[in-house]
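For reference, the structure is listed below as structure tokens.
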Amino acid sequence: MNPTGNRFDANLLAANLLAEMTLEEKIGQLTMVAAGDVVTGPIRAGEVADAIRAGRVGNLLNLWGAEQVRAMQAIAVEESRLKIPLLIGFDVLHGHRTIFPIPLAEAALFDPHLWERSARASAIEAASDGISLAFAPMLDIARDPRWGRIAEGPGEDPWVAATFATAKVRGLQGASLAAVDAVAATAKHFCGYGAGLAGLDYASADISERLLHEVYLPPFKAAVAAGCAAIMPSFNDVNGVPMTAHIPLLRDWLRREQGFEGVIVSDYFAIAELMRHGVAADLVEAAAAALAAGVDIDMMSDAYRLGLPAALERGVASMSQIDAAVRRVLALKARLGLFDDPLRRGCTASSGPLDAKARRDLARDVARRAIVVLTNKRVSPNRKILPLAAGLRRIALIGPLADNSADMLGPWAAVGTPGQAVTVRQGLEAALPNAEIVCACGVGIEDEDISGIAGALELCRGADVVLLCLGESATMSGEAACRANPVLPGRQWALAQAVLDLGKPVVALIFSGRPLMIPALVEKADAVVAAWFLGIEAGNAVADVLSGHFNPTGRLPITWPREIGQVPIFFAARPSGRPAYPGNRYTSIYLDLPVEPQFPFGHGLSYNDATLTNLRASAKEFKLGDELVVLVDVANLGPVAGEETVFLFARDVVASIARPHLELKGFGKIALQAGESATLSLPLRADQLCFPGPDLRPRFEPGDFELSVGASADPLRLLTITVRALPG
Ligand code: NOJ
């Protein structure tokens, strides 16, 4: 045994095997194909088995289930010449069997501990299904809700994404990759995928070097620092160079500067797509370009198998490049303990400290914490509409998401079974057994048929309150699910309008993978709640919040625009020389829209009121190397116990490069009983105030920094103090 607990030394093992391998076997280790139920390429299960036997395929994706994986592993380790086990990859993005909220929703927790715990639970399930490589976490910064994949990542902010990256990598990989319940994490999509032009998927991104270093690279840096085993380049090009062949970012930044020694796995068919990008004339050039950039595994395009032998002959690829890639793949297999016992993942029914019930409880807790109450109006002098009044006689649950299980899981729901998700109706019936709950769709999610509206209105007339369950279907976000106009789809607004016109109290629950543009609904409804796609426990989580059984704590991890014309809109914009000044046309304003978003980053209401006072720092002056503690008093004004999330922002007042108005430098949470006050401490290292200087190297500039804290990025609600950075 070596110190990592593996029986083999990974490097030694790789070197020994490499010496014995034919070119075909080497390329086999660099090839990943789909098998099992989700066969999206031309290869069928029988052909896959033959290819594994012959050493032409060393890695699979989209295969799960103990028996299925064991069958394939057995072919690899018993019937192939070199007996090398397979890597089994799968998208374990927000749960495996127990589906948690989509990542954008989970980001709303602002709770690294829970982010890690949900990933751990997912890893336990995935590993027990034979999976060794998770294509997660997705770390794409996204500032454009038109992009469907905004649902898969942690939102707009690099600090949040970096913190999320660390937590997810830890959770997926556990204490040791070799553990039977650990899976290797794949940070994706490296990088700038979320910046595609016009919010389109797979589209070109034009990102300045500065923005790359300030915004798009930090989450990946954090993932690498956390020991992430794999990285997946994004489909798109950044500044004209497709990421699958991006030498400056993959080889120079990731491998050389960050010291990443893990595996780079291409995205699905992405190497062959280099031809469509127009940077490779044929599969041979495509394969050579990806290999040169350091891409180790070719997912699904067969470019390495078909292209690398010819690339060697043409002299555009070298055996040492191939060997280096094979070595990295073998080393990962060794670190995963696959050589010790290739069949043990998948052998244990459901190993680990969390049993299925505990995972489900965790999913409920994560889901209710992901819910963001956006508005909550007063319906009488002493009561807001939420939580729902006790003793409600009749509740009308209206809309296409009201009793809908299939869509609750959201996109990329791994092997989650849609029918198992608790619907809002089921959740409410369980939480409010004394209320009569009447339910109607009114309209479908996307169709034009409005014939059900009249019947729905009839149900509303006899109800004390109407809960409108509106939004998207699960397939309207995620990959290949961009929307030029992310409003309520189909005729849902017609339904909502008709219900609102009844004059009843109305709570609108919005299920979606992105912020939806709903200004009129926000204005008219008594409450609006972002319910995202909450996963398997969706209905119970919604019921927990609506009934007041749980005091909501979710906060927006993304600025919620009023209209799509405001996009991209995010809190960390740089200042203008002519800041917005309503009424003065020659300032940075729209003629036809306010510049403020519908809801700022960090926004979210609870059922208690909290105030922040007495902001101070442990020192007024500091130097590089120091650590400050920023302190603020938080008071829960009642009427119930609650949990407050506090954000810490910094602004470098005068610097050699214009700095954003606000940069997030930390966040903290504090739980307080009604009437209780306490001090929250937020640590701030001086080096967090560095920024990429003119040469893009981290730079610390003496001078004044404004430190602001608040419950959101709303500039009108921040407390601010000034501290001074000293030279040296
Ligand atoms: C394509 C997606 O872009 C990527 O995120 C995913 O991991 C692969 N397909 C494999 O399913």
Side-chain angles (χ1 to χ4, degrees), residues 31-41 43 48 57 59-64 86-96 102-104 119 122-123 126 129 131-142 147-154 161 165 168-169 172 183-196 200-203 205 219-220 223 228-238 242-244 262-274 276-277 290 295-303 410-416 475 477-482 513:
T31 298
M32 176 177 271
V33 301
D37 298 340
V38 186
V39 177
T40 39
I43 299 179
V48 173
V57 163
N59 312 286
L60 296 178
L61 82 151
N62 293 352
L63 179 73
W64 66 87
L86 304 161
L87 274 180
I88 309 286
F90 197 53
D91 288 278
V92 186
L93 196 73
H94 54 110
H96 180 65
I102 53 168
L104 184 62
S122 310
D129 248 350
I131 286 151
S132 47
L133 178 65
F135 301 130
M138 197 276 216
L139 303 175
D140 294 303
I141 301 294
W147 191 49
R149 302 199 81 169
I150 199 169
E152 293 179 53
K168 290 296 177 193
V169 169
L172 289 168
V183 294
T186 309
K188 68 184 189 182
H189 305 85
F190 182 77
C191 72
Y193 190 20
L200 282 171
D201 215 350
Y202 319 119
F220 292 94
C228 189
I231 302 266
M232 183 187 291
S234 54
F235 279 124
N236 61 314
D237 79 83
V238 171
M243 280 310 307
T244 306
V263 163
I264 299 182
V265 51
S266 87
D267 206 338
Y268 204 105
F269 209 66
I271 299 183
E273 286 173 15
L274 292 174
R276 296 196 193 134
H277 278 284
V295 175
D296 302 313
I297 295 182
D298 171 1
M299 184 197 288
M300 285 308 288
S301 67
D302 234 1
W412 284 118
V415 298
T475 52
S477 56
E479 188 180 351
C482 297

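Start at 1 and go down the list; that is how both ligands and their atoms are numbered.
- Interatomic distance, Glu479 CD to Phe235 CZ, rounded to the nearest 0.5 Å: 5.0 Å.
- Counting protein heavy atoms only, atom 5 (O) of ligand 1 is closest to His189 NE2, 2.7 Å.
- Distances from ligand 1 to the non-hydrogen atoms of Met138 include no value under 4.0 Å.
- Closest heavy-atom contact between Ala151 and Ile102: O-CB, 3.7 Å.
- Of the N or O atoms in Asp91, one or more lie within a sub-3.5 Å distance of an N or O in ligand 1.
- When all heavy atoms are compared, the tightest approach of Thr244 to Ser234 is OG1-O, 3.7 Å.
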* Would Leu93 and Lys188 satisfy side-chain contact (heavy atoms from CB on, under 4.5 Å), going step by step from the backbone distance to the final call? -> CA-CA 11 Å; Leu93 196 73; Lys188 68 184 189 182; 4.1 Å; yes
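- The single protein non-hydrogen atom nearest to atom 8 (C) of ligand 1 is Asp267 OD1, 3.3 Å, given as residue, atom name and distance.
- Looking at Glu152 against ligand 1, nothing comes within 4.0 Å, counting heavy atoms.
- Taken to the nearest 0.5 Å, the NE2 atom of His96 stands 8.0 Å off from the CH2 atom of Trp64.
- When non-hydrogen atoms are compared, ligand 1 lies under 4.0 Å from neither the backbone nor the side chain of Met32.
- Ligand-side atoms of ligand 1 in range of Phe135: 7 (O), range being under 4.0 angstrom from any heavy atom.
- Put simply, CZ on Phe90 and CG on Asp129 are 8.5 Å apart, with the number rounded to the nearest 0.5 Å.
- With rounding to the nearest 0.5 angstrom, the CG atom of Asp296 is 11.0 Å from the CE atom of Met32.
- By the 4.0 Å heavy-atom criterion, Trp412 is counted among the residues contacting ligand 1.
- Between Lys188 and ligand 1, a contact under 3.5 Å exists for at least one N or O pair.
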